[in-house]
Amino acid sequence: MLRRLRFQVESSRGRRYPEAGHPYRNAFQRDRDRIIHARAFRRLEAKTQVFTPGLSDHFRNRLTHTIEVSQIARTVASALELNEDLTEALALAHDIGHPPFAHAGEAELDRQMARYGERFDHNLHALRIIESFEQRYARFPGLNLSFEVREGIVKHSRDFEPGEIPELDDYLPGLRPPLEAQLIDLADEIAYNTADLDDAFSARMFSAGEVAAAVPEYAALCEAAETQFPGASERERFLETLRQMIDLLASGLIEGTAQAAAGADIRDAGEVRRCPRRLAAFTPAAESANAGLKRFLHQRVYSAAPLVEERERAAARVARLFQYFVEHPGRLPEPYNQQAALDRPHRVVCDYIAGMTDAFFDRTYQQEMDYPSEILT
Ligand code: MG
């Protein structure tokens with residue numbers, strides 16, 4: 001469909017440290033494999049998506065969410081005849097920089113860094129992980145991923161202008177990323193809006209009827225499911241409707257992107273870059289369904305008291321451990337304690353905490369808060 005806009009692996013700007021080609025895996029396939037074998041990727045399993053594990057064994061975590069994003073993004077890329085390998089590598093990497101405790105952890109690290117005039121951003125943190133924190137190769141630091149994968153990571157949710165983020169000036173500021181990278185942000189939205197609805201429904205935060213009353217597109221799909229399966233239980237109808245909703249959003253992304261490309265008269269991957277706006281887009285109908293779901297989730301799920309309390313508790317603990325390590329850098333493990341002596345300690349502490357899984361954070365917090373204060377230096 002958009003074959004002419006496909007980013008060809010042969011046109012990649014390549015790796016930072018040149019490497020010989022592989023006999024049967026192209027560069028983007030190798031990037032995908034390197035991401036899957038990274039430690040930061042495995043840690044996604046023990047990081048919260050929205051719902052803390054423990055309440056149920058069925059909630060998404062950040063790893064299963066990542067797999068859902070990858071599956072949706074690949075389906076869309078393949079239907080549009082775009083580069084599925086690049087899409088998959090980017091989808092698998094898209095949350096690799098997420099700290100523990102989801103957005104509460106990210107917002108608190110950012111708040112702590114702001115006290116020192118700096119920021120925490122999970123996309124920039126992802127770049128630091130794949131560029132230097134992952135140490136798996138004898139010949140170079142990091143994973144030595146292709147340029148377009150690194151670019152897609154830093155432009156996951158937004159583009160930037162020259163000079164706006166000086167440390168990213170190598171990543172073609174002012175230009176759009178390839179269409180494959182543009183898809184990821186919207187595939188991410190499809191995955192989390194539908195998955196959060198599913199997880200919150202399992203947690204009995206609302207009834208299917210309440211979703212139907214708030215989101216007209218959901219109501220229409222639900223009515224169709226009721227006609228088709230008159231004897232089905234509420235849960236079965238909900239799941240049938242949810243499945244149709246994913247289909248509606250993914251199809252809306254395929255169609256909307258094809259229409260945007262046709263409307264802007266874009267002819268090749270180079271023009272995708274120079275286009276003043278992103279081309280990946282929902283159709284108006286899918287956009288409205290997506291916005292409706294998002295609104296419902298904000299009202300009924302994210303702002304529900306148990307989730308708010310959990311986020312506040314997580315943020316307070318992140319803040320406390322952060323300040324504790326800044327004041328007592330000697331309590332950081334190797335090599336962070338040595339780096340903290342050379343670099344800005346708050347940056348080292350931020351990197352250390354950002355890499356933690358929820359469970360490792362809890363253990364560290366417990367251990368350090370129990371550490372006798374009279375022998376702290
Ligand atoms: Mg995500």
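This chain uses plain numbering: 1 for the first residue, then up along the sequence. Indexing begins at 1, ligand by ligand and atom by atom, following the structure's order.
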Problem set entry | Metal check, the Mg ion (ligand 1) vs His94 N/O/S, cut-off below 2.8 Å | yes
Problem set entry | The single option from Gln71, Gln29, Arg32 passing side chain to side chain donor-acceptor pair (under 3.5 Å) against Glu88 |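 That would be Arg32.
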Of all N, O or S atoms in [X], which has the smallest distance to the Mg ion (ligand 1)?
X	result
Asp95	OD2
Asp188	OD1
His65	NE2

Exercise. Would you call Arg347 and Asp351 a salt bridge, using N to O less than 4.0 angstrom?
Worked result: yes
Seminar exercise, completed: d(Arg278 CZ, Lys155 NZ) to nearest 0.5 Å is 8.0 Å
Problem set entry | Side-chain donor-acceptor contact under 3.5 Å, Ser207 with Glu234 |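 Side chains of Ser207 and Glu234: no pair found under 3.5 Å.
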